[in-house]
S.K.: 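A single structure is presented below for examination.
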Amino acid sequence: MGYLPIFLDLGGRLCLVIGGGELAEAKVRALVDAGAIVTVVSREATDGIKLQAAGGVVRYLAREYDHGDLRGNTLVYIASENDEVAHCAAREARELGILFNVADNPECSDFISPAAFKRGDLQIAISTSGSSPAVARMLRQRLEQQIGPGYAFVLEIMRRSRQFLRKRQPDQRARACILKSLAGALLDSIEILDYPLIDQALRLHLHAGMAELGLDPRDGAKRTGPAGASTPESKISQ
């Protein structure tokens, strides 16, 4: 079975998590990080879920799933240990045409969750199409060591460079060429991230330095300190 790799924009969209265990909590964190409006339905829940509910981050319904709970949602994670609940929720999701994932059951899901980690705006997701979650997890751990937090600062530079050029270079092809050359220069020196060299590269390609882009080297030092947090590995990461 093949899968289409895709990143969903869930900002401001209603999403539901059925279940209140550790796996459900991991899904809640991922949805909240994506900007979704999250509701959790479960008779019991982890302290983490309850804490987020108390802080108004998520809505928590301390009861079992009822038919009709899925209406209005864009995406549903079914992480209930009750097989009957999982089956009924999956059936409702199919009837309503809502994307759903059943924990530990990729064959009965619309999508699977990859092994993923972030470095600022950079997100890397790994899937083995369900063949081996263990391999996906180990590949993620290896890449985490290779792709350090310096990439977060590089992407911040590139984002601001694009904004800078849009106001000064009307030709789209010319902008793309400049940004490609700048990206190459930054990636070639990413292990060092020497700020005078970064400023030099910016002046060479953009005719503007870090100050003109509103960049502070101290921000880079913060970003390139401790490694960025990894997305918790789910039991069905592929």
Side-chain angles (χ1 to χ4, degrees), residues 2-13 30-36 74-75 99 111-129 135-231 237-238:
Y3 291 93
L4 174 69
I6 188 171
F7 287 88
L8 292 176
D9 179 7
L10 295 175
R13 296 179 182 271
L31 289 170
V32 169
D33 287 345
T74 297
L75 181 146
L99 289 173
F111 65 94
I112 56 177
S113 296
F117 68 96
K118 297 179 69 175
R119 295 289 184 260
D121 288 337
L122 176 64
Q123 296 190 58
I124 296 179
I126 304 165
S127 171
T128 61
S129 298
V135 169
R137 181 172 60 253
M138 286 187 282
L139 286 174
R140 184 203 69 187
Q141 291 170 346
R142 291 183 184 184
L143 287 173
E144 281 182 299
Q145 299 301 316
Q146 298 175 25
I147 300 177
Y151 284 84
F153 189 49
V154 166
L155 284 177
E156 178 66 16
I157 295 172
M158 293 302 301
R159 183 179 65 82
R160 299 201 184 197
S161 296
R162 288 182 64 198
Q163 295 172 345
F164 180 86
L165 281 177
R166 280 175 181 164
K167 299 176 182 178
R168 292 163 177 80
Q169 175 52 262
D171 188 280
Q172 184 177 0
R173 290 186 178 181
R175 290 201 305 268
C177 185
I178 293 170
L179 291 171
K180 181 179 179 181
S181 298
L182 177 60
L186 293 175
L187 289 176
D188 284 344
S189 61
I190 195 168
E191 298 300 329
I192 303 174
L193 277 183
D194 182 286
Y195 299 116
L197 287 179
I198 290 175
D199 195 73
Q200 182 179 336
L202 287 169
R203 294 190 182 282
L204 175 64
H205 295 283
L206 301 185
H207 306 294
M210 294 180 69
E212 286 86 345
L213 295 184
L215 290 164
D216 189 332
R218 289 173 294 183
D219 294 334
K222 294 176 184 177
R223 292 172 184 267
T224 56
S230 302
T231 299
S237 291
Q238 306 297 322

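One-based numbering along the sequence shown. No hydrogens, no waters, no symmetry mates; every other heavy atom, side chains included, goes into these values.
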S.K.: To the nearest 0.5 Å, what is the distance between CG on Leu182 and CD1 on Ile198?
M.R.: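 One gets 9.5 Å once the value is rounded to the nearest 0.5 Å.
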S.K.: Distance-only, no hydrogens or angles: does the Arg160 side chain make a donor-acceptor pair with backbone N or O of Gly214 under 3.5 Å?
M.R.: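 The answer is yes, because a donor-acceptor pair under 3.5 Å joins these two groups.
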S.K.: To the nearest 0.5 Å, what is the distance between CZ on Arg162 and NZ on Lys167?
M.R.: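 One finds 13.5 Å between CZ of Arg162 and NZ of Lys167.
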S.K.: If you count heavy atoms of other groups shown closer than 6.0 angstrom to CZ of Arg168, is the number above 12?
M.R.: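 More than 12 heavy atoms, drawn from other residues, nucleotides or ligands, come within 6.0 Å of this atom.
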S.K.: I want to check something: taking the side chain as every heavy atom from C-beta on, are Ser161 and Leu179 in contact at a cut-off of under 4.5 Å?
M.R.: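 Heavy-atom side-chain distance check passes, below 4.5 Å.
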S.K.: Would you say that Leu187 contacts Tyr151 through its side chain, given a criterion of any heavy-atom pair below 4.5 Å between the two side chains?
M.R.: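 Yes, close enough: below the 4.5 Å cut-off.
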S.K.: Closest approach of Met210 and Phe153, non-hydrogen atoms and distance?
M.R.: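 Of all heavy-atom pairs spanning Met210 and Phe153, the closest is CE-CZ, 3.8 Å.
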S.K.: What closest approach, in Å, do Ala125 and Phe7 show between heavy atoms, and which atom pair accounts for it?
M.R.: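 Reported closest heavy-atom pair: CB-CZ, 4.4 Å.
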S.K.: Testing Leu99, Ile6, Leu4 one by one against Phe111 for a side-chain contact (heavy atoms from CB on, under 4.5 Å), which residue passes?
M.R.: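 Only one of Leu99, Ile6, Leu4 forms a side-chain contact (heavy atoms from CB on, under 4.5 Å) with Phe111, namely Leu99.
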S.K.: Once rounded to the nearest 0.5 Å, what's the spacing between atom CD1 of Ile126 and atom CZ of Phe117?
M.R.: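 The CD1 atom of Ile126 sits 6.5 Å away from the CZ atom of Phe117.
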S.K.: If you look at every heavy atom in Phe164 and Leu206, which pair is closest and at what distance?
M.R.: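 Heavy atoms only, the tightest pair is CE2-O, 3.7 Å.
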S.K.: What's the spacing between Gln145 CD and Arg140 CZ if we round to 0.5 Å?
M.R.: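 Between Gln145 CD and Arg140 CZ, I get 10.5 Å after rounding to 0.5 Å.
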S.K.: Hey, is the main chain of Gln169 close enough, under 3.5 Å, to the side chain of Arg175 for a donor-acceptor pair?
M.R.: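 Looks like yes, one N/O pair under 3.5 Å.
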S.K.: Quick one: list whatever passes salt bridge (Lys or Arg N to Asp or Glu O under 4.0 Å) with Arg203, sequence neighbours left out.
M.R.: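 Asp199, Glu212.
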S.K.: Mind checking whether Leu31 and Leu75 have side chains closer than 4.5 Å, heavy atoms only?
M.R.: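 Leu31 reaches Leu75 side chain to side chain.
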S.K.: Return the minimal non-hydrogen interatomic distance between Ala136 and Ala115, and the atom names on each side.
M.R.: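 Reported closest heavy-atom pair: O-CB, 3.7 Å.
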S.K.: From Leu197 CG over to Asp188 CG, what is the distance, rounded to the nearest 0.5 angstrom?
M.R.: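 Taking CG in Leu197 and CG in Asp188, the distance rounds to 11.5 Å.
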S.K.: To the nearest 0.5 Å, what is the distance between CG on Asp33 and NZ on Lys118?
M.R.: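 These two atoms lie 6.0 Å from each other.
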